[in-house]
Amino acid sequence: MSKYLIGVAALSVLATAAYAENPMVGGAPMLADKNIVENAVNSKDHTTLVAAVKAAGLVETLQGPGPFTVFAPTNAAFEALPAGTVETLLKPENKDQLSNILTCHVVGAEAFGKDIMKMVDDDKGAHPVKTVGGCTWTAKYEGDKLMVEDENGNVANVTIADVDQSNGVIHVIDKVLLPKM
């Protein structure tokens with residue numbers, strides 16, 4: 001085999017290994033060279049979130065350079081909201097409310113799980129997380145499990161952490177975080 005082919009094969013293995021480090025989400029590979037929206041549309045577990053991002057007019061923002069940390073609720077998290085909530089929020093007349101809820105899932109910085117845990121440790125067990133939507137959540141952890149508590153006391157567990165994106169990181173969560181009611 002020529003040196004050129006060996007070099008190409010080695011680069012291919014390295015690229016595959018880099019992608020293999022990123023967890024699968026919703027049955028789809030999450031590619032670190034794709035942005036938040038490009039990856040989210042491939043996750044079968046985030047179709048409601050993608051529809052909401054589109055309805056709120058946030059696609060362009062979340063495709064931007066970031067960096068962002070997104071706490072991404074699954075379809076099941078949206079389904080756990082009271083009946084009719086999602087349908088009501090997706091209506092054009094509720095765009096501002098939907099945008100507020102969604103931007104309260106976004107932090108204007110890149111924070112991987114280990115970074116969040118360090119901030120929690122530095123703050124002696126609970127770290128305030130300010131979102132681009134103006135909400136302040138509380139990050140905590142037990143063992144290696146991250147949790148985020150909203151302003152209403154609802155706790156979302158991070159079920160898949162550290163999904164690297166070209167413009168930030170996604171942490172999949174099991175509840176929709178809501179602004180103070």
Side-chain angles (χ1 to χ4, degrees), residues 25-26 35-37 39-41 43 45-113 115-120 122-142 145-163 165 167-181:
V25 176
N35 67 49
I36 290 164
V37 174
N39 275 320
V41 299
S43 168
D45 292 341
H46 290 90
T47 56
T48 304
L49 178 60
V50 169
V53 166
K54 288 177 181 177
L58 295 173
V59 170
E60 188 174 308
T61 300
L62 291 174
Q63 288 179 326
F68 302 112
T69 297
V70 175
F71 293 93
T74 61
N75 293 342
F78 281 102
E79 290 165 10
L81 293 171
T85 301
V86 173
E87 294 78 11
T88 300
L89 287 170
L90 291 174
K91 292 180 179 177
E93 62 267 25
N94 296 320
K95 182 178 179 178
D96 289 343
Q97 184 181 8
L98 178 60
S99 179
N100 183 43
I101 291 169
L102 293 176
T103 57
C104 281
H105 287 78
V106 180
V107 178
E110 184 177 70
F112 286 88
D115 303 319
I116 297 169
M117 289 177 170
K118 182 178 178 340
M119 290 182 259
V120 169
D122 290 348
D123 288 341
K124 303 196 182 354
H127 178 72
V129 178
K130 297 191 184 310
T131 70
V132 298
C135 299
T136 301
W137 305 150
T138 303
K140 302 175 185 180
Y141 73 91
E142 289 180 16
K145 291 291 183 188
L146 285 171
M147 297 157 284
V148 183
E149 183 176 339
D150 70 16
E151 297 166 332
N152 303 297
N154 300 308
V155 176
N157 296 295
V158 174
T159 59
I160 302 174
D162 300 340
V163 186
Q165 312 290 294
N167 60 344
V169 62
I170 291 175
H171 301 292
V172 177
I173 57 174
D174 65 356
K175 286 200 176 23
V176 176
L177 301 167
L178 296 171
K180 188 131 183 115
M181 302 275 177

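FYI, the numbering just counts along the sequence from 1.
Heavy-atom contacts from other residues, nucleotides or ligands closer than 6.0 Å to CD of Glu93 number more than 12. In Asp122, the CG atom is crowded: over 12 heavy atoms of neighbouring residues, nucleotides or ligands sit closer than 6.0 Å.
Annotation for Leu177 and Asn154: closest pair CD2-O, 4.4 Å, computed over non-hydrogen atoms. The nearest pair of heavy atoms linking Val37 to Val59 is CG2-O, 3.8 Å.
The closest side-chain heavy-atom distance from Ile36 to Ile170 is below 4.5 Å. For the pair Tyr141/Ile116, no side-chain contact is recorded, criterion being any heavy-atom separation below 4.5 Å from C-beta on. Between Leu102 and Leu49, some side-chain heavy-atom pair lies under the 4.5 Å cut-off. Put simply, the side chain of Asn35 does not reach to within 4.5 Å of the side chain of Leu62, judged on heavy atoms. Side-chain contact check for Asp123 versus Pro128: some heavy-atom pair is nearer than 4.5 Å. Within the 4.5 Å cutoff, the side chain of Ile101 has heavy atoms near those of the Leu178 side chain.
Taking the six-membered ring wherever Trp is involved, the centroid distance between the rings of Phe71 and His105 does not fall below 6.0 Å.
Sorted by first and then second residue, the salt bridge (charged side-chain N to carboxylate O under 4.0 Å, His left out) pairs with a member in residues 149-163 read Lys140-Glu149; sequence neighbours excluded. Residue pairs meeting the disulfide (SG to SG under 2.5 Å) criterion with at least one partner in residues 47-105, sequence neighbours excluded, are Cys104-Cys135. For the salt bridge (charged side-chain N to carboxylate O under 4.0 Å, His left out) condition, no pair includes a residue of residues 169-181, sequence neighbours left out.
With hydrogens and angles disregarded, a donor-acceptor distance shorter than 3.5 Å links the side chain of Asn152 to the backbone of Pro179. Looking only at distances, no side-chain donor or acceptor of Asn39 sits under 3.5 Å from a matching main-chain atom of Gln165. Between the side chain of His46 and the backbone N or O of Val172 there is no donor-acceptor pair closer than 3.5 Å. Not a single donor-acceptor pair under 3.5 Å links the side chain of Asn167 to the backbone N or O of Gly66. Distance alone, capped at 3.5 Å, places no donor-acceptor pair between the Thr69 side chain and the Val169 backbone.
Side-chain polar atoms of Asp45 and Thr74 form no donor-acceptor pair below 3.5 angstrom.
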